[in-house]
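Down below is the structure, laid out as structure tokens.
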Amino acid sequence: MSPAPSLVICGASGDLAGRLLFPALFHLEQTGRLPDLALVGFAVESWDAEAFRAHVRERLQRFAPGYDDALWRRFSSRISYVAGDFSAGGTAALGRAIRGSAAFYLALPPKIFAEAAQGLAAAGLHRAQGEWRRLVIEKPFGVDLATARALDASISEHWKEEQVLRIDHFLGKETAQNILVFRLANGFVEPLLNSRYVAQVQITAAETLGLEGRVSYYDGAGAARDMLQNHLMQLFTLAALEPPSVWDADVLREHKVEVLRAVRPIAPDDVGRLAARGQYGPGRCLGAEVPGYRDEAGIRPASSTETFAALRLYVDNWRWRGVPFYLRSGKRLAADVTEVAFQFREPPRMLFREVDGATLDPNWLIFRIKPNEAIDLVAFAKQPGLSLETRPVTLHTPYLDKGDVEYAAYEQLLLDAIEGDRSPFIRYDEVDFAWQILQPVLDAWKTGEPASYAAGSEGPATADALLEPGHRWRPLA
Ligand code: BG6
């Protein structure tokens, strides 16, 4: 009989492992979804297994909502630890601890992804006779097109594409997956989602949060690299893809790539028209005074890192020709909102011209990903009363029903990584095309300054300038 597969967390003493991975695995254990699996922590701390288990337990007590001691006893029996780094000595020790199938999760700083992938392979850990071996990588995958390609070249020297699972945690969100299900499982939705009926699409990930202590990472990255290149591009592909005929990882990813491939390239001269960036200044966010970005501890006083980024994209294919897709994301904005919203073209409203004036607000189909996960359809109905007047009504379908168990993004993704379902992971060509789309913008933004916006506001005024005439950003607050 083959030994139980292993999940090796490389960087097991770090923040990602402690805050997100262990709690996700613990909840899977709690709900009986964790398959037969050995958890191996791998990190440079010279701990023994007991010390590592004490560390995991402390993290779970802090970050796992359903922590309990009885469950911990069961969970901890799966856990072991290997101390080491990616030098020959470290990976040899790891190799001795692993039998059979294994997934290596790189919960590490991105600058050592290549070294880790190479080190594991040098010790022969990338293959095992008759068993599977996988490499799980977090974003960011490169900091631009050239570095993404260099990283891919280094990884693919030893690891085959089908062994590499690139995580974008938005793809593990049930509500993001629901975009596809709602689009493709309902005969009345999909026929309307094209340029004949849709006037514009707005994809938003707005946060009230600031830097959350991630100064050194964020000040080098900025909103475009942190959110647009990955999470928003992924939501964009889910919103725009052609229906695949089968639910298969490669077919699905092929369809996502087709969207990215069809995006009209942004010419350097058009960056000012099709992209906008901002940086928050001091203001009030969720009722509290907060400092501006440049006044945050550890930020360079003259930093020109953008904390808000927006794009206008066009998908030059038959379905979407001429429909603008607006993507925006920012920190310290007026509200926490993640959504994908389709605005429908106005119907001829001759009938109501006399009573409502010439224009009405448009209809929207909104996939609310965070908070208040739901699908909303903003429509019009008769205003009760003796005259013929309309008023907007929202057909609101909450995602969760009473008694439903929701799984966090990392729970879904860890399970899929172990079970070998590659559909929620990103194939390298998706990464590459996403960088290709963004690269001219990043190049243009090497000079100049982001526009300032007050913390707690709707974002910089320059974001309005990238909209087509007649379009307005959906209000956040
Ligand atoms: C991360 C970004 O990938 O996603 C963070 O690095 C951001 O800056 C986070 O806050 C948002 O994710 P979520 O799931 O909280 O919407």
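Ligands are counted one by one from 1 in listed order, and the atoms in each one are counted from 1 as well.
The protein heavy-atom contact nearest to atom 15 (O) of ligand 1 is Lys370 NZ, 3.2 Å. In terms of protein heavy atoms, atom 14 (O) of ligand 1 is closest to Lys173 NZ, 2.6 Å. For atom 12 (O) of ligand 1, the closest heavy atom belonging to the protein is His169 NE2, 3.1 Å. Among all non-hydrogen protein atoms, the one lying nearest atom 6 (O) of ligand 1 is Asp226 OD1, 2.6 Å.
By the 4.0 Å heavy-atom criterion, Glu212 is excluded from the residues contacting ligand 1.
Remark: the backbone N or O of Asn230 is not paired with any side-chain donor or acceptor of Arg225 at under 3.5 angstrom. Proximity of a side-chain donor or acceptor of Lys139 to a complementary backbone N or O of Asp226 within less than 3.5 Å is detected.
Remark: among candidates His231, Glu207, Arg214, the nearest residue to atom 5 (C) of ligand 1 is Arg214, based on non-hydrogen atoms.
With no hydrogens or angles considered, no side-chain donor-acceptor pair links Gln163 and Glu161 at under 3.5 Å. For the 3.5 Å distance criterion, the side chains of His55 and Tyr81 fail to qualify, holding no donor opposite an acceptor.
Taking all atoms of both residues into account, the shortest heavy-atom contact from Pro23 to Phe63 is CG-CB, 3.8 Å.
The proximity of Tyr218 to ligand 1, defined as any non-hydrogen pair under 4.0 Å, does not occur for either the backbone or the side chain. Counting heavy atoms under 4.0 Å from ligand 1, residue Lys331 touches it through the side chain alone.
Phe425 does not carry Arg166 over the face of its six-membered ring by the limits of under 6.0 Å from the centre and within 45° of the normal. Remark: Arg74 is not positioned above the aromatic ring of Trp72, lacking an NZ or CZ atom under 6.0 angstrom from the ring centre and at most 45 degrees off the axis.
Within ligand 1, the atoms closer than 4.0 Å to a non-hydrogen atom of Lys139 are 1 (C), 2 (C), 3 (O), 6 (O), numbered from 1 in the order shown.
Considering backbone and side-chain N/O of Thr338, none are found under 3.5 Å from N/O of ligand 1.
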